[in-house]
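First the structure, in the form of structure tokens, and then the observations on it.
Quick note: numbers below take in every heavy atom, side chains included, and nothing from hydrogens, waters or symmetry partners.
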There are 2 protein chains.
Amino acid sequence: MSSPAVSSRDLPHPACDEIRLEGVLHALSDPMRLRIVRELAGVTGELSCSDFDLPVTKSTTTHHFRVLRESGVIRQVYRGTAKMNGLRRDELDELFPGLMAALLDAAARQEASPGD
Amino acid sequence: MSSPAVSSRDLPHPACDEIRLEGVLHALSDPMRLRIVRELAGVTGELSCSDFDLPVTKSTTTHHFRVLRESGVIRQVYRGTAKMNGLRRDELDELFPGLMAALLDAAARQEASPGD
DNA sequence: GTCAAACTACGATGGTTCTCGTACTATGGA
DNA sequence: TCCATAGTACGAGAACCATCGTAGTTTGAC
């Protein structure tokens, strides 16, 4: 099969009412994590951890994905040996309307500015 | 006089092109600093450091204001013995359109939610 | 000149974070 | 069953951060 079933081992995610703005901002204040989120926002489906080519080791990558999940920014699920990641965009949009859009736009603008 | 002149001692502020999104997000990811920014956003003029009634010592307050200034979120100027603080709203709006509005709205929503 | 108010500088402390390496587990395929 | 792949757990190190207390500076008022 091309898409293995979701594994039984599942991961703890904060409920919507447990997501704190401060936690989200802290999660996104790290360049590596902001990069991950921007990449996730740019695709329609999910991406596995190994789809990202980050300049850090695998351990560190695991750490960053966990911070993003525990702050409520992404949702993670095991599928076969892979761990798939998706933005919790709908939930975040309901919780903090316009925030993700403004953040992603800000990140894009910063990247496009001559200061980089 | 009711409003002393601006003192000669002035403080270093980042130029607009030196303001980093990650730095702004980090600055706002602290509850004390988010509170300061919300309060500043709620008034028209400036507020002195001692206008805030924060549950930390004066040293710590100084620290938080410095983080906000160095990240580019606020502008500080001495006026007499007081240090006046103002949001760099116009500059931030030009740099990251809609971001401050979304952040302030998000903070307000979070405060209003039953989870608090 | 003296004094109080507002804020700073400095050092310390305890906690958190980013990073790594090594050893380990879970899954699916040969 | 054996192996390769994907990711984790754990411990460690270095850096950073929030907080405090004490001592100091700058300013304006008396």
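For A/Leu11 and D/dG7, the CG to P distance is 12 Å, given to the nearest whole Å. Rounded to an integer number of Å, the gap from B/His26 NE2 to D/dA15 C1' is 12 Å. In this structure, the CG atom of A/Leu47 is 14 Å from the P atom of D/dA6, given to the nearest Å. The interatomic distance linking B/Asn85 (CG) with C/dA6 (P) rounds to 14 Å, in whole Å. Between B/Tyr78 atom OH and C/dA6 atom P there is a gap of 14 Å when expressed in whole angstrom units. As a whole-Å value, the separation of A/Phe65 CZ from C/dT17 C1' is 18 Å. Straight-line distance from the CG atom of B/Leu68 to the P atom of D/dC17: 13 Å, rounded to whole Å. When the C1' atom of C/dT16 is taken as reference, atom CD of A/Glu70 falls 13 Å away, rounded to whole Å.
The backbone N or O of B/Met32 sits nowhere less than 3.5 Å from a side-chain atom of B/His64 that would complete a donor-acceptor pair. In this structure a side-chain-to-backbone donor-acceptor pair under 3.5 Å is missing from B/Asp30 to B/Ala27.
For CD of A/Glu94, the number of neighbouring non-hydrogen atoms (other residues, nucleotides, ligands) closer than 6.0 Å is 12 at most.
In this structure B/Ala101 satisfies the side-chain contact (heavy atoms from CB on, under 4.5 Å) test together with B/Arg89, sequence neighbours excluded. By the salt bridge (Lys or Arg N to Asp or Glu O under 4.0 Å) test, A/Arg69 pairs with no residue at all, sequence neighbours left out. Under the side-chain contact (heavy atoms from CB on, under 4.5 Å) criterion, A/Thr57 pairs with A/Ser59, A/Thr60, not counting sequence neighbours. B/Arg109 pairs by the salt bridge (Lys or Arg N to Asp or Glu O under 4.0 Å) definition with B/Asp105, not counting sequence neighbours.
When distances are taken from the side chain of A/Ser48 to each of C/dC7, D/dA9, D/dG7, the shortest belongs to D/dG7. For B/Ala82, the side-chain atoms get nearest to C/dA6 when compared with the rest of C/dA6, C/dA9, C/dC18. In this structure, the nucleotide among C/dC18, C/dA9, C/dT27 sitting nearest to the side chain of A/Thr81 is C/dT27.
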Short N/O separations, protein against nucleotides 19-21 of chain D, under 3.5 angstrom:
{"residue": "D/dT19", "atom": "OP2", "partner": "B/His64", "partner atom": "NE2", "Å": "2.3"}
{"residue": "D/dC20", "atom": "OP2", "partner": "B/Thr57", "partner atom": "N", "Å": "2.8"}
{"residue": "D/dC20", "atom": "OP2", "partner": "B/Thr57", "partner atom": "OG1", "Å": "3.2"}
{"residue": "D/dC20", "atom": "OP2", "partner": "B/Thr60", "partner atom": "OG1", "Å": "2.9"}
{"residue": "D/dG21", "atom": "N7", "partner": "B/Ser59", "partner atom": "OG", "Å": "3.2"}
{"residue": "D/dG21", "atom": "O6", "partner": "B/Ser59", "partner atom": "OG", "Å": "2.9"}

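When heavy atoms are screened at a 4.0 angstrom cut-off, A/Thr62 is found touching base atoms of the nucleic acid.
Between B/Pro14 and the options B/Glu91, B/Arg20, B/Arg88, a side-chain contact (heavy atoms from CB on, under 4.5 Å) holds for only B/Arg88.
Dashed line: the shortest gap from a side-chain N or O of B/Arg33 to OP1 or OP2 of D/dA18 is under 4.0 Å. Between B/Arg66 and C/dA9 there is a side-chain N or O to OP1 or OP2 distance below 4.0 Å.
A heavy atom lying under 4.0 Å from DNA chain C marks none of the residues of residues 34-45 of chain A.
If you check the side chains of A/Glu46 and A/Asn85, you find no donor sitting under 3.5 Å from an acceptor.
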